Amino acid sequence: MLIRQGALIAFCFCSTLTVSREEQSIHRPDTSPNQAYFAETFDTSPLDRKWVLSQSLKEAEFNIYKYDGEWLLEESKNRASPGNKGLVLKSPGRHHAISAYLSTVYHFNEKPLCLQYEVFFQNGIECGGGYIKLLSHSDDLQLSQFNDATPYSIMFGPDKCGSMYKVHFIFNHRNPLTGSYEEKHARQPKTDLSDYFTDHSPHLYTLNLYPDNTFEILIDQTLINNGSLLEDMDPPVMPPREIEDPSDTKPLNWDDRRYIPDPTITKPHDWDEEAPPHIADPTVQKPIGWIEDEEPFVPDPEAQAPNDWSVEMDGEWEAPLIANPACSHAVGCGPWKPPMVANPAYKGKWKSPKIENPNYQGKWKPRMIPNPAYFEDTQPFRMSPVSAVGFELWSLTGDVLFDNILLCDDPVITRRWTEETWGQRQTHGVVERLLFATGKRPWLWGVYIFTVGLPIILFVSFMWPDKRFGPSDQEYYYKKSDEPQPDGSEDPEDHMSFSEYGSNNSTDLRKREVNKAQKKSDLELK
Ligand SMILES: *[C@@H]1O[C@H](CO)[C@@H](O)[C@H](O)[C@H]1NC(C)=O
């Protein structure tokens with residue numbers, strides 16, 4: 001167990017990926033990484049950045065790692081981009097954490113923050129995240145100790161559980177009065193996001209954050225959410241200016257009755273509140289021949305207690321009841337009760353009519369006082385600088401692929417990068433996308449057939465009006481030329497291999513990593 005963990009933890013995508021023949025045909029982005037703070041395609045050898053697995057412990061006493069989920073560098077299952085590699089979250093139901101330093105610390109100054117990456121739920125997604133974190137720059141930051149408590153400036157990307165589909169944009173805001181940090185969440189877009197999670201295709205997530213505090217969120221280059229850090233976050237960045245005075249109480253004589261009984265009208269003298277709602281019907285008399293002194297049922301005089309009846313054991317014996325023979329010719333026996341009818345004299349409780357209360361003071365509210373916790377921050381964009389990107393994720397479904405991660409300060413760089421990564425693949429996926437759309441909206445088939453089929457039929461019938469009903473020469477020609485497809489057999493050499501470092505080396509690597517990043521963070525960009 002420990003050996004496995006050691007190998008896993010020390011696993012570092014450093015330098016020794018064998019280059020397959022197929023790989024040479026993959027398009028490589030020309031964007032020079034030194035124009036970006038972070039640019040990782042996972043296709044270069046060595047990788048642009050060193051990725052560090054978290055060694056954060058769940059139980060220090062027993063050396064149990066919290067993040068025991070596996071990460072691998074693998075080829076995407078997307079058929080539109082054969083040979084394209086990405087970083088893959090492998091282990092269903094486990095915690096995963098991996099991170100890498102930026103080439104230079106990103107400071108929130110006069111330039112935008114542009115963050116972009118691809119997520120591909122290769123096995124679909126039941127419940128789990130695909131978001132990225134921008135880790136806050138600090139002397140205490142150690143990538144090998146990356147965990148859920150590591151301070152981050154921004155968290156961005158997809159998250160799904162059950163029927164809840166989200167694209168998070170969360171930033172950590174520093175309260176200038178208390179110095180404490182609070183997460184501010186962008187409101188979720190109103191659009192239905194489910195297709196991005198269920199269509200078994202990679203998707204491109206872009207966050208643009210501008211120094212004027214506005215933000216844009218795009219998926220596959222389509223704007224799905226935008227707003228302002230000052231107005232569209234929950235909870236709001238700035239607390240309310242005034243609050244209700246908690247020491248204020250409602251005065252005893254506060255009159256908040258909008259309506260009162262009309263004092264000028266009193267109960268009429270003849271209003272009898274006591275009259276019952278129902279009375280015995282006075283028009284009905286006891287029928288003649290009704291015998292009130294006889295019960296309708298009497299104990300059977302001929303019945304006898306069984307021989308084995310014991311008064312001690314069974315209680316007093318009672319004869320069963322039979323119809324009273326004295327009643328057999330009567331209209332009825334027993335006490336006679338007249339039927340009840342509604343009482344015409346019934347009035348109920350007297351209620352005085354209501355009038356508007358001339359002394360109405362309105363609903364009482366405590367007075368407003370200046371909020372002692374109020375502060376003004378008109379520049380929430382200027383958040384904590386960022387020195388690393390990381391994935392700290394749990395997912396019930398494995399094989400989540402991440403690719404083409406870019407952090408830069410210019411939307412033009414993002415656009416150029418997109419053309420050279422994402423854009424290279426888009427033409428291949430068009431037909432698949434159209435077919436996927438019919439899954440949800442079968443009537444689209446009609447549209448497709450109409451838009452594609454009709455012009456063809458018209459064209460054919462105009463060009464060859466006579467041969468419409470028989471096989472043409474051309475059809476025979478194509479039949480003859482049918483040939484079996486060559487097998488797409490896989491060359492084992494096409495699979496990449498990794499080198500895994502021992503745990504001693506991993507500590508050295510981490511030290512070098514930290515030194516390098518700190519040195520770099522001291523340098524100015526460009
Ligand atoms: C959001 O986008 C819409 C449409 O492009 C635009 O009209 C609006 O001003 C944007 N809002 C913000 C806060 O940028």
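Counting convention: from 1, in listed order, for ligands and their atoms alike. Keep in mind the model is a prediction, meaning the values are calculated, not measured. Just the heavy atoms: all of them, side chains too, but no hydrogens, waters or symmetry mates, feed the values below.
Ionic pairing of Asp159 and Lys166 is not present here: no N-O contact between side-chain nitrogen and carboxylate oxygen is shorter than 4.0 angstrom. A salt bridge does not link Lys66 with Glu392: every distance from a Lys NZ or Arg NE/NH1/NH2 to an Asp or Glu carboxylate oxygen is 4.0 Å or more.
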List ligand 1's nitrogen or oxygen atoms that come under 3.5 Å of a protein nitrogen or oxygen, with the partner atom and distance.
from     : atom 1 : to     : atom 2 : distance (Å)
ligand 1 : 2 (O)  : Asn226 : ND2    : 2.2
ligand 1 : 11 (N) : Asn226 : ND2    : 3.0

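Sorted by first then second residue, the ring-ring contact (aromatic ring centres under 6.0 Å, His included) pairs that include residues 214-250, not counting sequence neighbours, are Phe169-Phe215.
With hydrogens and angles ignored, the 3.5 Å screen pairs a side-chain donor or acceptor of Asn357 with a backbone N or O of Arg257.
Within 6.0 Å of CZ on Arg258 lie no more than 12 heavy atoms contributed by other residues, nucleotides or ligands.
Close placement of the His96 and Trp71 rings is indicated, their centers lying within 6.0 Å of each other.
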